[in-house]
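A short worksheet on the structure shown next.
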Amino acid sequence: MIVVLLSYKVDIAEIDRLRPAHVEWLKQSVADGRLMLAGRQVPVTGGMFLARGSMDEVKAWAAQDPFALEGAADYQFIEVAPSILAPGLEALGQ
């Protein structure tokens, strides 16, 4: 599993303008089986994804995010091998 941390590089008004396309991309990513979880950082300075796939696959996928295509965010990628999971989260270990 790859944790992807986003840091916004532009004003929040630009993020808000891009958000509808970003959300559609996220929804399609869930349907495709790539994205497991996404959310905003608090305060809203970026976001976070949990994604399935190899590091190279996830980097290529994230490069298609409208935020990335418009240069609105920086991305950090961290590979994680889950070993302890709370009940109900077993799918994250696959």
Side-chain angles (χ1 to χ4, degrees):
M1 154 184 357
I2 310 295
V3 177
V4 184
L5 300 176
L6 285 70
S7 297
Y8 298 147
K9 301 184 338 181
V10 298
D11 187 77
I12 195 69
E14 179 67 3
I15 295 298
D16 289 343
R17 182 184 75 78
L18 296 169
R19 191 177 316 278
H22 170 74
V23 169
E24 286 306 311
W25 175 78
L26 291 172
K27 288 178 180 179
Q28 185 60 54
S29 297
V30 169
D32 293 344
R34 171 76 60 203
L35 181 65
M36 297 183 286
L37 180 146
R40 296 181 188 153
Q41 294 182 30
V42 178
V44 183
T45 58
M48 190 274 297
F49 307 147
L50 287 182
R52 289 186 173 98
S54 70
M55 183 66 77
D56 288 341
E57 291 169 340
V58 171
K59 284 182 176 182
W61 163 76
Q64 299 306 307
D65 179 359
F67 289 168
L69 294 172
E70 296 290 329
D74 285 326
Y75 295 73
Q76 179 184 0
F77 299 88
I78 304 163
E79 188 165 3
V80 176
S83 57
I84 299 174
L85 299 161
L89 298 179
E90 292 83 6
L92 293 177
Q94 299 176 358

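Just so we're clear, the structure is a prediction, and the values are computed from it rather than from any experiment. Quick note: residue numbers are just sequence positions, from 1.
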I'd like to check the side chain to side chain contact (heavy atoms under 4.5 Å, CB included) partners of [X]; sequence neighbours left out, ordered by chain and number.
X   : answer
D16 : I12, R19
Q28 : A31, D32
V80 : V3, I78, P82
K9  : D74

**Study point:** Interatomic distance, Y8 atom OH to L18 atom CG [nearest 0.5 angstrom]
**Key:**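 So the gap between those two atoms works out to 10.0 Å.
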
Exercise for review: Quick one: pull up CG in L35 and CD1 in I2 and give me the separation to the nearest 0.5 Å.
Suggested key: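 It comes to 13.0 Å.
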
Should [X] and [Y] be regarded as members of a common hydrophobic cluster, given that ILVMFWY residues are connected when their side-chain heavy atoms come within less than 4.5 Å of each other, either directly or indirectly?
X   : Y   : answer
V30 : V58 : yes
I15 : V44 : yes
L26 : L37 : no
V10 : L69 : no

Review point. How far apart are the closest heavy atoms of A68 and A62, and which atoms are they?
Key: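 Reported closest heavy-atom pair: CB-O, 3.5 Å.
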
Practice item. For P20 and R17, work out which heavy atoms get closest and say how close. Key: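 Scanning both residues completely, I find the closest heavy atoms to be CD-O, 3.5 Å.
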
Check your understanding: Hey, what else clusters with I84 if you join Ile, Leu, Val, Met, Phe, Trp, Tyr whenever side-chain heavy atoms sit under 4.5 Å?
Key ->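 Traced through the cluster, I84 reaches no other member.
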
Check your understanding: For L6 and F49, what are the C-alpha separation, side-chain angles and deciding distance, and is it a side chain to side chain contact (heavy atoms under 4.5 Å, CB included)?
Key -> CA-CA 8 Å; L6 285 70; F49 307 147; 3.6 Å; yes

Practice item. For the pair E14 (side chain) and D11 (backbone), establish whether a donor and an acceptor sit closer than 3.5 Å, ignoring hydrogens and angles. Key: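 Pair absent, no side-chain N/O of E14 close to backbone of D11.
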
**Study point:** R52 side-chain N/O to R34 backbone N/O, donor-acceptor pair under 3.5 Å
**Key:**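 Not at all, since once roles are kept as given, no pair shorter than 3.5 Å links the two residues.
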
Exercise for review: Would you list the pairs meeting side chain to side chain donor-acceptor pair (under 3.5 Å) in which at least one residue belongs to residues 75-85, sequence neighbours left out?
Suggested key: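 For residues 75-85: D65-Y75.
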
Check your understanding: In this structure, which one of L5, D56, V4 forms a side chain to side chain contact (heavy atoms under 4.5 Å, CB included) with F77?
Key ->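 Option passing the side chain to side chain contact (heavy atoms under 4.5 Å, CB included) with F77: V4.
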
